[in-house]
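Bear in mind the structure is a predicted one, so any value in this text is a computation, not a measurement.
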Amino acid sequence: MAAAVVVVEEEERERLIDRVAVLDFDKLCSTVAMKTNQGKWNKLEEVYNEEDDVGELGGGVFRMWEGDVLECFDDRRLLLQSSFCPWYRFGENMRLAGFGSCFLQGSVYIILATIALCNFVAFTITKKPCFLYLAVAFALTLGAYLGVHRSKMRKKFNIKGSDSSLDDCISHLMCPCCTLAQESRTLEMNNVQDGTWHGRGDTMCIGTYVEGVKAFELIPPLTVSIEPSKP
C-alpha cells in the first residue's frame, strides 16, 4: 500500500513539473517593456512564439542599455578605465561584443586619438589653422568610428535606443567616457562573451501548481516547492 502511494506521488510530481515553464528573466522583462511601449498587452505565451522570429543577429527581443549615459558613477571601476585608459576599455568592449580583438581595436583608437592630439599641439605652437583642421577632422573620425561600432552593437543585440547612427556618434563626441562606461556596464552585467549575449542568468517560473489549483505566478525557481495536494 505504501509503495502504491509513493508511485502515485511520483507521478503527480512529474505531472506538476511538466506544467512548469521556465522563462529567461531578461527576455521576460524586455518583452513586457516592448508590449508596454506598443500600448497593448498580450499573453505571455507569445514570448515563446516571438522566438520563432529570431533573426541572424540579436534574437527576437528588445534589450536596454544598463543605465543612462550620465549614470556612469554607478560603476567607478569602469568609469576610471573609460576616463584614463579609454583605448583599452573600447578594445575590451569590442572583444566582448565580437567585433575584433582588444589589441586591434585599441590600437585603432590610439592611432586616431594620437594624431588628433599631435595636430592640436602643433596648432597651439605654430598657430597655423591647417593643424587645427586636421585635429578636428581626426577627432570627428574617432567619434564616428566609435559611434559606428556602438550602432553595430545596438543592432546586434537588439538594444533599444535611438535608431540613428548619428546619435551614437554624437554621444561619443559629447561624452566619450560616459558612453564607453555605459557600453561596458551593459556587456559585463549581461555576461556577453565573444559576441554571445548570455544574460544575467535569472529565471522565472510560469504556471505553477499551488494547493491543488493551477495558479499563474512568477516566482524564483529555487523557491518552488511542489507538494501533492492534501485530500
Side-chain angles (χ1 to χ4, degrees), residues 56-58 62-198:
E56 181 180 358
L57 300 176
F62 286 100
R63 301 181 173 98
M64 304 288 291
W65 293 110
E66 293 293 342
D68 193 68
V69 173
L70 298 180
E71 295 177 1
C72 51
F73 291 97
D74 292 347
D75 193 323
R76 296 183 179 180
R77 176 184 63 86
L78 295 178
L79 177 60
L80 291 176
Q81 290 180 357
S82 301
S83 301
F84 297 101
C85 196
W87 51 87
Y88 165 75
R89 192 64 258 170
F90 173 71
E92 185 67 11
N93 290 348
M94 294 300 99
R95 182 189 68 82
L96 295 176
F99 295 139
S101 66
C102 178
F103 176 79
L104 176 62
Q105 295 290 356
S107 299
V108 174
Y109 190 106
I110 291 176
I111 292 173
L112 294 176
T114 302
I115 295 176
L117 180 61
C118 291
N119 280 279
F120 182 76
V121 172
F123 167 74
T124 58
I125 296 175
T126 63
K127 302 300 181 181
K128 293 183 179 180
C130 60
F131 291 110
L132 178 61
Y133 299 151
L134 288 175
V136 173
F138 277 99
L140 293 176
T141 301
L142 177 60
Y145 186 78
L146 299 179
V148 167
H149 281 82
R150 178 180 172 88
S151 298
K152 291 171 63 177
M153 184 189 309
R154 176 171 48 78
K155 293 177 181 178
K156 179 175 183 178
F157 299 118
N158 285 347
I159 299 175
K160 187 178 179 184
S162 175
D163 295 332
S164 174
S165 299
L166 179 61
D167 293 339
D168 295 328
C169 296
I170 292 176
S171 297
H172 272 287
L173 288 172
M174 297 297 294
C175 192
C177 299
C178 298
T179 305
L180 277 178
Q182 182 194 43
E183 297 171 359
S184 302
R185 288 197 311 271
T186 303
L187 294 174
E188 291 192 358
M189 292 179 66
N190 292 281
N191 193 23
V192 180
Q193 297 291 334
D194 298 326
T196 302
W197 185 291
H198 297 284

**Student:** Do you know the tightest heavy-atom contact between L187 and N93?
**Tutor:**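 Smallest heavy-atom distance, with atoms named: CD1-O, 3.5 Å.
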
**Student:** What's the spacing between Y145 OH and Y109 OH if we round to 0.5 Å?
**Tutor:** 12.0 Å

**Student:** Can you check whether E183 reaches W65 side chain to side chain, under 4.5 Å on heavy atoms?
**Tutor:** yes

**Student:** Taking atom CZ of R76 as the centre, report whether more than 12 heavy atoms of other residues, nucleotides or ligands fall under 6.0 Å from it.
**Tutor:** no

**Student:** Can you tell me how far apart OG (S164) and CD1 (I170) are? Round to the nearest 0.5 Å.
**Tutor:**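 Reported to 0.5 Å precision, the distance equals 7.0 Å.
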
**Student:** Going by atom types alone, do Y88 and Q105 pair a side-chain donor with an acceptor below 3.5 Å?
**Tutor:**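 No, no side-chain donor-acceptor pair sits under 3.5 Å.
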
**Student:** Is P129 close to F131 at the side-chain level, that is, under 4.5 Å between some pair of heavy atoms?
**Tutor:**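 Not touching, per the 4.5 Å side-chain cut-off.
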
**Student:** Which atom pair, heavy atoms only, marks the closest approach of S83 to L79?
**Tutor:**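 In this case the closest contact between S83 and L79 is OG-O, 2.8 Å.
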
**Student:** Does R89 come within less than 4.0 Å of E188, counting only side-chain N to carboxylate O?
**Tutor:** yes

**Student:** So, does R95 use its side chain to make a donor-acceptor pair with the main chain of Q193 at under 3.5 Å?
**Tutor:**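 Checked: no pair found.
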
**Student:** Does any part of the side chain of L96, heavy atoms only, come nearer than 4.5 Å to the side chain of D194, both counted from C-beta?
**Tutor:** no

**Student:** Check whether any side-chain heavy atom of T186 lies under 4.5 Å from a side-chain heavy atom of R63, and answer yes or no.
**Tutor:** no

**Student:** What's the shortest heavy-atom distance between T179 and S171, and which atoms?
**Tutor:** OG1-O, 3.1 Å

**Student:** Locate the shortest heavy-atom distance separating N119 from I115; write the atom from each residue and the value.
**Tutor:**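 Closest approach of N119 to I115: ND2-O, 2.7 Å.
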
**Student:** Drop me the distance from L142's CG to L117's CG, to the nearest 0.5 angstrom.
**Tutor:** 11.5 Å

**Student:** Can you classify the ring geometry of F90 versus H149 as parallel (below 30°), tilted (30 to 60°) or perpendicular (above 60°)?
**Tutor:**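 Geometry flag for H149 against F90: perpendicular rings.
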
**Student:** For F120, look at atom CZ and say whether over 12 heavy atoms of other residues, nucleotides or ligands are found less than 6.0 Å away.
**Tutor:**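 No, the 6.0 Å shell around CZ holds no more than 12 heavy atoms from other groups.
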
**Student:** What distance do W87 atom CH2 and S107 atom OG have between them, rounded to the nearest 0.5 Å?
**Tutor:**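 Here the rounded value is 11.5 Å.
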
**Student:** Between K156 and F99, is NZ or CZ placed under 6.0 angstrom from the six-membered ring centre and within 45° of the ring axis?
**Tutor:** yes

**Student:** Less than 4.5 Å apart, any side-chain heavy atom of W197 and any of I159?
**Tutor:**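 Yes; the side chains approach each other to less than 4.5 Å.
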
**Student:** State, to 0.1 Å, how close V69 and C178 come at their nearest heavy-atom pair, and which atoms those are.
**Tutor:**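 Heavy atoms of V69 and C178 come nearest at O-CB, 3.2 Å.
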
**Student:** When rounded to the nearest 0.5 angstrom, what is the spacing between CE in M153 and CG in D168?
**Tutor:** 9.5 Å

**Student:** How close do E92 and C102 get, counting heavy atoms only, and between which atoms?
**Tutor:**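 For E92 versus C102, the nearest heavy atoms are N-SG, 3.5 Å.
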
**Student:** Set out, in order, the CA-CA distance, both residues' side-chain angles and the distance that settles side chain to side chain contact (heavy atoms under 4.5 Å, CB included) for L104 and S101, then state yes or no.
**Tutor:** CA-CA 5 Å; L104 176 62; S101 66; 3.2 Å; yes

**Student:** So, Q182 and D68: side-chain donor and acceptor under 3.5 Å apart, yes or no?
**Tutor:** no

**Student:** Output the distance between atom CG (L112) and atom CG (L146), rounded to the nearest 0.5 Å.
**Tutor:**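 With rounding to 0.5 Å, CG (L112) is 8.5 Å from CG (L146).
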
**Student:** Please say which of N190, N191, V192 ends up in a side-chain contact (heavy atoms from CB on, under 4.5 Å) with H198.
**Tutor:**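 Result for side-chain contact (heavy atoms from CB on, under 4.5 Å) with H198: N191.
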
**Student:** Does any non-hydrogen side-chain atom of F138 lie less than 4.5 Å from one of T114?
**Tutor:** no

